[in-house]
Novice: 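This structure is in C-alpha cells; I'll ask about it shortly.
Indexing begins at 1, ligand by ligand and atom by atom, following the structure's order.
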Amino acid sequence: MKDHIRIFIASKGDPVGMARAFRAELPGAEVITDIALIGTDPVPFIVVGKPDPGVIGSVPGLKVVLSLNAGVEHLLNSGEVPADLPIARLVDPAMTMGMSDWVLAVVLSWHRNLALYRADAVWTRREEQLSQDRTVTVLGAGVLGGRVAQLLAAVGFRTRVWSRSGTQVAGATAFSGAEGLVEATTGADVVVNLLPLTPSTRDILAAPLFARMAPGGLVVNAGRGAHVVDGDLIGALGSGQIGAAALDVFRTEPLPETDPLWRHPLILVTPHVAAPTQPGSAIRVMADNIRRYQRGEPLSDLVDRTHGY
Ligand SMILES: NC(=O)c1ccc[n+]([C@@H]2O[C@H](COP(=O)([O-])OP(=O)(O)OC[C@H]3O[C@@H](n4cnc5c(N)ncnc54)[C@H](OP(=O)(O)O)[C@@H]3O)[C@@H](O)[C@H]2O)c1
C-alpha cells in the first residue's frame, strides 16, 4: 500500500452520499467532506466537480485529482491544478449510455420529423427518408463520440467521425486535421459535436461549418457551449441553411431566461442533461482508479496536459 487512503470530496452535489459510497467501495478509507476537518496529514485524493478557488491548493499531500466530469477544461483553465498533479477525468459506461441515448433520441426525432408532425396536427405526409440516405458527422471519436458514431452507423446512417488523430470507429469513415474537418462536414445532414473544449475546438460550430452542411440539416451540440457561435447558428437557422438545432450545453449555465435560444422555434434546448454524472457508478469508477494507484499501476483516463483533454 502506497498511502493511507484519505479522500477529500470537494463537490457541491451530495458529498455526504458520495462519502458513504466511497466507504462502501474502499473499506478503511477516510473520506472527508468538510474542508475544516482536513488537518495536516496528507490527503492523496481529491474528488472535484467545480471546486471553489483555493480549495485544491489547500489540500496537503495531494497526489491525484479525480474529476466528477468527463470534460475538464474548467480545471485546466482555472490554473488551480499544478502541471505535475495528475487529473483523472470521468469515464463511466453509464455516462456513455446516457449520451448515446440523448443523441440518438435527438437525431432520430429530427430524421423522422416527429416535432413537425406534433406541430402540424393534420393528416399530411411529409417527405420521409431512410437512415441510409442521410449522412451524420460526429466531431470527436473518443469515449462518447466513438460510441455515438458506432450506434448511428449501426442504425444505418452514413457515418463520419472527425478527431485529432483520425481514430477509427466501426462502421464510420474517419477524418482528421483541418482538411479532414472540411471533408467530414461537407454535405453532412447532421453534425453532432462531442469534442472536448480546448483552444483548438472553441467556436468550431460556426458559419463556415454550417455553410458546408447539406441545406436544412441538424446541428447537435452536447460538447460545451463555447463550441457554438450562437449568432452564427441563429443566422444559419434564419437563412434555412440549417433546419434545426439541439443544444444541451451553453456558454452560460443555467441558460439565462432572457436568452433568445430559449424561444427559437427551431432550437431544442435541454438543460445539460445529455449525460449527467451518475454518482453510484462514478464513485465505483473513481474507487477503481484509487485502487490502481494504491497498487502502483498506471491511472486510467488521465488528462493529457499537452493536448488539453
Ligand atoms: N452534455 C453532457 O452532458 C456531457 C457529458 C459528458 C461529457 N460532455 C462533453 O463531451 C466531451 C467529450 O468527452 P469524451 O469522454 O468523449 O472525450 P475523449 O474520450 O477525450 O474524446 C475526445 C475526442 O475529441 C477529439 N479531439 C480533441 N481535440 C481535437 C481537435 N483539436 N481536433 C479534432 N479532434 C479532437 C479526440 O481526438 P483523438 O481521438 O485523436 O484523441 C477524441 O476523439 C467532454 O470533453 C465534455 O465536454 C458533455
Side-chain angles (χ1 to χ4, degrees), residues 13 49-50 67-77 87-107 137-152 159-170 172-185 191-206 209 219-228 245-251 253-255 268-279 281-282 285 299-309:
K50 296 188 175 66
S67 167
L68 281 161
N69 301 97
V72 292
E73 73 287 348
H74 58 288
L75 294 174
L76 298 179
N77 297 341
I87 304 173
R89 63 191 200 88
L90 183 61
V91 173
D92 177 355
M95 187 178 254
T96 307
M97 183 178 278
M99 183 58 80
S100 311
D101 291 350
W102 185 86
V103 174
L104 284 175
V106 162
V107 172
T137 299
V138 181
L139 305 181
V143 174
L144 301 178
R147 177 64 179 154
V148 162
Q150 201 182 30
L151 289 171
L152 288 164
T159 308
R160 304 170 180 170
V161 280
W162 181 71
S163 67
R164 198 177 45 77
S165 59
T167 302
Q168 299 288 327
V169 174
T173 311
F175 298 84
S176 66
E179 281 178 22
L181 178 63
V182 172
E183 283 181 71
T185 50
V191 169
V192 177
N193 175 48
L194 282 169
L195 289 165
L197 183 63
T198 70
S200 344
T201 65
R202 179 177 288 271
D203 295 333
I204 193 164
L205 298 176
L209 186 150
V219 171
V220 180
N221 187 28
R224 286 288 183 259
H227 283 129
V228 186
L247 308 176
D248 185 56
V249 284
F250 305 90
R251 284 176 192 257
E253 295 185 8
L255 183 65
L268 170 70
V269 169
T270 58
H272 204 144
V273 289
T277 300
Q278 309 279 340
S281 54
V285 166
L299 290 161
S300 298
D301 310 311
L302 284 181
V303 173
D304 180 327
R305 298 294 188 100
T306 320
H307 295 130
Y309 68 94

Novice: Is the contact between T198 and ligand 1 made by the side chain, the backbone, both, or neither, using heavy atoms and a 4.0 Å cut-off?
Specialist: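 Neither; nothing of T198 gets under 4.0 Å from ligand 1.
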
Novice: How far is atom 36 (C) of ligand 1 from the closest protein heavy atom, and which atom is that?
Specialist: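 Scanning the protein heavy atoms, the shortest distance from atom 36 (C) of ligand 1 goes to Y309 OH, 3.4 Å.
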
Novice: Under the side chain to side chain donor-acceptor pair (under 3.5 Å) test, which residues partner S100, sequence neighbours left out?
Specialist: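 So S100 forms no side chain to side chain donor-acceptor pair (under 3.5 Å) with any residue.
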
Novice: For the backbone of V228 and the side chain of R251, can you confirm whether one donor and one acceptor N or O come within less than 3.5 Å of each other?
Specialist: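 Such a contact is found between R251 side chain and V228 backbone.
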
Novice: Tell me, which protein residue and heavy-atom name are nearest atom 43 (O) of ligand 1, and how many Å apart are they?
Specialist: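 Checking every protein heavy atom, the shortest distance to atom 43 (O) of ligand 1 gives A141 N, 2.8 Å.
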
Novice: How about V249 and N221: do any of their side-chain heavy atoms sit closer than 4.5 Å?
Specialist: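 Touching, per the 4.5 Å side-chain cut-off.
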
Novice: List in chain and number order the residues that pass side chain to side chain donor-acceptor pair (under 3.5 Å) with D248, two or more places apart in sequence or in another chain; answer none if no residue qualifies.
Specialist: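 T270.
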
Novice: Quick one: which ligand 1 atoms are inside 4.0 Å of a heavy atom on M99?
Specialist: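 Ligand 1 atoms under the 4.0 Å threshold to M99: 1 (N), 2 (C), 4 (C), 5 (C), 48 (C).
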
Novice: Considering only heavy atoms, which of S200, P196, A226, G146 lies nearest to atom 24 (O) of ligand 1?
Specialist: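 Residue with the shortest heavy-atom distance to the ligand atom: P196.
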
Novice: What are the two closest non-hydrogen atoms of A184 and W162, and how far apart are they?
Specialist: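 Of all heavy-atom pairs spanning A184 and W162, the closest is CB-CB, 4.3 Å.
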
Novice: Any atoms of ligand 1 less than 4.0 Å from a non-hydrogen atom of A275? List them with their elements.
Specialist: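 Once the distances to A275 are compared, the set is 2 (C), 3 (O), 5 (C).
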
Novice: If you measure from CG on L144 to CG on L195, what distance do you get to the nearest 0.5 Å?
Specialist: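 Answer for the CG-CG pair, L144 versus L195, is 11.0 Å.
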
Novice: Of the protein's non-hydrogen atoms, which lies at the shortest distance from atom 18 (P) of ligand 1, and what is that distance?
Specialist: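 The protein heavy atom lying closest is R89 NH2, 3.2 Å.
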
Novice: What protein heavy atom lies closest to atom 10 (O) of ligand 1? Include the residue and the distance to one decimal.
Specialist: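 That would be L144 CD1, 3.7 Å.
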
Novice: Heavy-atom contacts with A70 under 4.0 Å: which atoms of ligand 1 show up? List them by number with element.
Specialist: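 Checking each atom against A70, I get 6 (C), 7 (C).
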
Novice: Does ligand 1 come near enough to V143 that some N or O of the ligand is less than 3.5 Å from an N or O of the residue?
Specialist: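 Looking only at distances, the answer is yes, because the N/O contact criterion of under 3.5 Å is met.
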
Novice: For atom 48 (C) of ligand 1, what is the nearest protein heavy atom, given as residue, atom name and distance?
Specialist: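 So the nearest neighbour among protein heavy atoms is A222 O, 3.0 Å.
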
Novice: With nothing but distance in play, are any N or O atoms of W162 less than 3.5 Å from an N or O of ligand 1?
Specialist: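 Not met; the criterion fails.
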
Novice: Examine distances only and state if a side-chain atom of T185 and a backbone atom of L209 form a donor-acceptor pair shorter than 3.5 Å.
Specialist: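 No, the answer is negative, given that no donor and acceptor are paired below the 3.5 Å cut-off.
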
Novice: Between R224 and ligand 1, which part of the residue brings a heavy atom under 4.0 Å of the ligand: side chain, backbone, both or neither?
Specialist: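 Near ligand 1, R224 shows its side chain, while the N, CA, C and O stay back.
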
Novice: Find all atoms of ligand 1 within a distance of less than 4.0 Å from any non-hydrogen atom belonging to H272, and give their numbers and elements.
Specialist: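 Counting atoms of ligand 1 from 1, those under 4.0 Å from H272 are 1 (N), 2 (C), 3 (O).
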
Novice: Looking only at protein heavy atoms, which one is nearest to atom 12 (C) of ligand 1, and how far off is it?
Specialist: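 I find the closest protein heavy atom is L194 O, 3.4 Å.
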
Novice: Which of the numbered atoms in ligand 1 are under 4.0 angstrom from any heavy atom belonging to G140?
Specialist: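 Those atoms are 23 (C), 24 (O), 43 (O).
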
Novice: State, yes or no, whether a side-chain contact exists between T198 and E73 at a heavy-atom distance under 4.5 Å.
Specialist: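 Of all side-chain heavy-atom pairs linking E73 with T198, none is under 4.5 Å.
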
Novice: Is R147 salt-bridged to D101, cutoff N-O under 4.0 Å?
Specialist: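 Not counted as a salt bridge, because no side-chain N and carboxylate O are separated by less than 4.0 Å.
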
Novice: What is the nearest protein non-hydrogen atom to atom 1 (N) of ligand 1, stated with its residue, atom name and distance?
Specialist: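 Of the protein heavy atoms, D248 OD2, 2.9 Å lies nearest.
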
Novice: Check ligand 1 against T167 and write out every atom of the ligand that is under 4.0 Å from a heavy-atom position of the residue.
Specialist: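 In order of numbering, the contacting atoms are 38 (P), 39 (O), 40 (O).
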
Novice: Under 3.5 Å between some N or O of ligand 1 and some N or O of G166?
Specialist: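 By distance alone, the answer is no.
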
Novice: Do me a favour and list the nearest non-hydrogen protein atom to atom 40 (O) of ligand 1 with residue, atom name and distance?
Specialist: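 Of every protein heavy atom, S165 OG, 2.5 Å lies nearest to atom 40 (O) of ligand 1.
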
Novice: Taking only heavy atoms of V249 into account, list the atoms of ligand 1 that are under 4.0 Å away from them.
Specialist: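 Taking each heavy atom of V249 in turn, ligand 1 has 1 (N) under 4.0 Å.
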
Novice: Report the member of R164, H307, H227 with the shortest heavy-atom distance to atom 34 (N) of ligand 1.
Specialist: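 Nearest option to atom 34 (N) of ligand 1, by heavy atoms: R164.
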
Novice: Taking the non-hydrogen atoms of L195, is any one of them nearer than 4.0 angstrom to ligand 1?
Specialist: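 For ligand 1, residue contact (heavy atoms, under 4.0 Å) with L195 is present.
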
Novice: Counting only heavy atoms, which portion of T201 has something under 4.0 Å from ligand 1: side chain, backbone, both, or neither?
Specialist: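 Near ligand 1, T201 shows its side chain, while the N, CA, C and O stay back.
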
